[in-house]
Amino acid sequence: MSLKFWKPGTAEPGSNLDRATANEGNIVSSSPYSLSSQRERLPIYKHREKLLYCIEKYGVTIVVGQTGCGKTTQLPQYLFESGWASEGNIIACTQPRRVAATSVAGRVANEVGTILGDEVGYTIRFEDLSDKNRTRILYMTDGMLFRETLVDPLLTRYSVIMIDEAHERNIYTDLLLGILKKIRRKRPGLRLIVSSATLDASYFLDYFTSNNSPDEATIISLEGRMYPVDVAYAEKPTPDYVRAAAETAYNINMQHIPGDVLIFLTGREEIEQCLEYLAEMLVSLPRMATRLVPLALHAGLTTDDQLRVFENAEKGSRKVIISTNIAEASVTIEGIKFVIDSGFVKICTFNPSTGLSALVTVPTSVQSATQRAGRAGRTAPGICYRLYPSSAFDTLPRSMPPEITRTDMTTPILQLKSLGIDDLMKFEWVTAPPAETVLRALEGLVANGMIGEDGRLTVMGEQVAECPIEANIARMLFKSKEYNCGEEILTIAAMTAIQDPWVIPDGAPGALAELERRKFTAEEGDHLTLLNAYNAFVKHGKSSNWCKSHALSFRTMSRAVSIRSQLKKYMQRFGLPLNSCQGDAQSLRRCLVSGYVRNGARWLPDGTYRSVRGEQILHTHPTSVLFTRKPKSGWVVFHEMEETKKTQCVFFCSCFGGMDDGLTKCRIRIITEIEPDWLVEHGMVYQDKRKKPVE
DNA sequence: GAGCACTGC
């Protein structure tokens, strides 16, 4: 039973849209550009004079251009060539991702004919390849530029700042735009370029011209360089898009000439299910048919496995890459001719009334569906199969709600306060966060002693704002002084900042890996288990082989080492002692509670937990060492919560007009057993009544 | 009872 598709006569307008990261993406090697004639052939070149004129005349220039038009690599060079980097000034270009910042900087250094780190450089966390005196074009992550505002609030080093990929609406991009609008009032000489790959960028224009002269901002559209992508829709909704995706891939293989296939699903579980379906179908693949090579792609894979999707398929075979949203912008695979789009994505949302964030599956947006389709037209015309009817497409929101509207604002608000932005109601947000999110964040900051009675930052608040880590974790670092456990808390802080370090594959190797992981188990819970893993990693010389034999990701563990040493510098600067509690797990856990006061939960005899805030039903995540065990005290704190829905049918019904039958499940990750008194000890004052664990 | 979208400092 295969899904029938309906194909509109013409390609969907704008379906060849793509995002600018594509060429700048991950891992793909790019051909060297060294000749100026190659630069002149880029579509952006004929707009050069107009762009320079606008940047000179207007404070803010909004540039709309698709992938391959060259704005990210060329615009900073045009500015450089026309003197914007004279007198020691720097031209900055921000990127949402580290790989983009590094790879674009490398290409531009090559075009300019300089060594990377000299006239052209980049700055990302843990890597600064720039020269304080010589660098004129600086690529950086938007998070780094945001951090720089805490040190130099007017960003005086820069003459032009280009915010690239602004349409992605990351929280740092949004915060930077707000701050830069403010900076422009004090430094009218500073020029701003806001670059977006989507056509509906006029809200950026409205944003910069409101409360300003109309001459403050202008908008320019550039031509793209993409091939057309035909879009086909499912005739009817499908109850099982994972199976439908596998069937569609199979049918493409039977009907079409060679060309690789890219499937967008929401997560690892679906990807593995889809691989199984495909394996079943491939048994009946006719002998003469093109061979199918299914490959998974998601962030939880090892680097080696991720790299496999870039290898060319053998002659007479076709790659089917089954991916999460990582292939939408972060990773670019050349040679994709067919895209199969489930129409769903997992996003993180935040519930201000419980203070908990959750991972939920939702329908994508028009912008995102267009972006996914564009992945089929990078090297030749392509086809995108959408596994939902065109009537469902018409109900999709234009774009995803910006991150700032669905994230905890505690840490960003602390940082804005530190910048001297005290009246958050007057701050000109591109999109304002929900009022309740702001109120809860302020309430939490007051309760945590970061903001005083007078509404100003306390000494600890000022210092926590500087730390490159979530405010609640930073609070643990500060409180470690009282519990004599600076060493251990520092490690735990670093370990919770990374992704899950364990690599547990499917099947039999997975069971073995699971046994390896159990070796690190601490009775008290996951935080101490992570501490054990880190200490063992260091004890064994931070070796990659050791990681391999203990089911740990070397890449992730190495990142924990970097983060730890960075945080250590902050602790030393703030005079926080790096004492070890010498195995005193109780002090350590009491210190943990200081950061997790909002994340308390109590155990119930049915094996679930109830959150202290909001009485929400919580389940233990299967990766937790407390998954198979009742906490003796009956109380725990947890690092984070995620919400998942039981079946795809539910996603489908609830998201595309049906009902929600309540099969959502909240899981808590990284859990540690505590005593309930410790919650009160750490300022759980606004909690009306303390419930005893039920026996 | 059984499994984690993606960034970023």
Side-chain angles (χ1 to χ4, degrees), chain A residues 21 26 94-101 123-127 140-151 165 168-176 264-273 297-301 323-331 342 344-349 357-362 364 368 400 403 406-407 411-412 414-415 465-471 473-474 494 497-506 510-511 514 559 562-563 566-567 570 606-609 619-624 626-630 639-644 646 665 667-670:
Chain A
T21 33
N26 205 354
T94 71
Q95 295 293 319
R97 281 169 292 279
R98 296 159 54 93
V99 270
T123 306
I124 61 177
R125 189 182 188 182
F126 306 129
E127 273 178 70
M140 61 209 299
T141 45
D142 45 19
M144 283 303 285
L145 188 62
F146 179 70
R147 184 143 294 275
E148 195 169 335
T149 61
L150 297 173
V151 184
E165 316 287 1
E168 290 193 19
R169 302 296 305 275
N170 294 326
I171 184 151
Y172 287 123
T173 303
D174 268 31
L175 292 172
L176 270 175
F264 283 101
L265 297 176
T266 70
R268 175 177 167 173
E269 196 184 355
E270 285 179 14
I271 289 170
E272 276 160 10
Q273 181 70 62
L297 178 61
H298 55 84
L301 294 175
S323 173
T324 60
N325 222 26
I326 195 170
E328 194 180 300
S330 308
V331 168
S342 65
F344 289 93
V345 65
K346 276 189 191 173
I347 58 166
C348 196
T349 59
S357 49
L359 203 58
V360 291
T361 302
V362 296
T364 46
S368 171
M400 282 299 174
E403 190 184 359
R406 49 186 174 81
T407 193
T411 309
L414 186 68
Q415 288 164 333
E466 283 185 50
C467 294
I469 197 155
E470 294 301 324
I473 307 293
I498 56 171
Q499 293 171 326
D500 188 353
W502 275 284
V503 187
I504 311 289
D506 260 3
E514 192 67 45
R559 194 167 162 80
S562 305
I563 293 173
Q566 188 190 29
L567 294 177
Y570 282 89
D606 64 2
T608 63
Y609 289 87
H619 298 260
T620 315
H621 199 282
T623 55
S624 171
L626 288 176
F627 184 63
T628 50
R629 195 181 312 180
K630 166 195 182 295
H639 182 70
E640 61 186 7
M641 184 200 80
E642 67 178 36
E643 188 181 314
T644 50
K646 197 89 183 161
K665 208 171 174 181
R667 295 206 172 86
I668 48 178
R669 281 187 71 232
I670 314 186

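Per chain, numbering begins at 1; letters A, B, ... match sequence-line order. For clarity, every value in this text was computed on a predicted model and none was experimentally measured. What you see below is based on every heavy atom in this structure, not just the backbone, and it leaves out hydrogens, waters and symmetry mates.
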Protein-nucleotide distance ([X], atom [atom1]; [N], atom [atom2]), rounded to Å:
X	N	atom1	atom2	result
Asp500(A)	dC6(B)	CG	P	13 Å
Ile670(A)	dC4(B)	CD1	P	14 Å
Asp142(A)	dC9(B)	CG	P	8 Å
Trp502(A)	dA2(B)	CH2	P	22 Å
Lys346(A)	dC6(B)	NZ	P	9 Å
Tyr172(A)	dG8(B)	OH	C1'	5 Å
Asn170(A)	dC9(B)	CG	C1'	13 Å
Glu168(A)	dA5(B)	CD	P	19 Å

Which nucleotide in the set [options] lies at the smallest distance from any side-chain heavy atom of [X]?
X	options	result
Lys665(A)	dG1(B), dT7(B), dC6(B)	dG1(B)
Pro468(A)	dG8(B), dC9(B), dC4(B)	dC9(B)
Met144(A)	dC9(B), dG8(B), dG3(B)	dC9(B)

Self-check item: Residue mapping more 5' on DNA chain B - nearest nucleotide basis, Cys348(A) or Thr608(A)
Solution: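 Mapping each residue to its closest nucleotide by heavy atoms, the 5'-most match is Thr608(A).
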Quiz prompt | With sequence neighbours excluded, residues passing side-chain contact (heavy atoms from CB on, under 4.5 Å) with Arg268(A) | solution = Glu272(A), His298(A), Asp506(A)
Practice problem: Just jot down the side-chain contact (heavy atoms from CB on, under 4.5 Å) partners of Ser562(A), sequence neighbours excluded, or say none. | Solution: Phe126(A)
May I ask you to say what [X] touches in the nucleic acid, namely base, sugar-phosphate or nothing, with a heavy-atom cut-off under 4.0 Å?
X	value
Glu640(A)	nothing
Thr141(A)	sugar-phosphate
Arg98(A)	sugar-phosphate
Thr628(A)	base
Phe627(A)	base
His619(A)	nothing
Ile124(A)	sugar-phosphate

Exercise. Look at Thr324(A) and dC6(B) and indicate whether a side-chain polar atom (N or O) is within less than 4.0 Å of OP1 or OP2.
Key: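 Yes, Thr324(A) has a side-chain N/O under 4.0 Å of OP1/OP2 on dC6(B).
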Quiz item: Can you check whether Arg667(A) has a side-chain N or O nearer than 4.0 Å to OP1 or OP2 of dG3(B)?
Solution: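 Answer yes for this pair, as a side-chain N or O of Arg667(A) is under 4.0 Å from OP1 or OP2.
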Is there a donor-acceptor pair under 3.5 Å between the side chain of [X] and the backbone N or O of [Y]?
X	Y	answer
Arg147(A)	Glu466(A)	yes
Ser342(A)	Phe264(A)	yes
Arg669(A)	Thr623(A)	no
Asn170(A)	Tyr172(A)	no

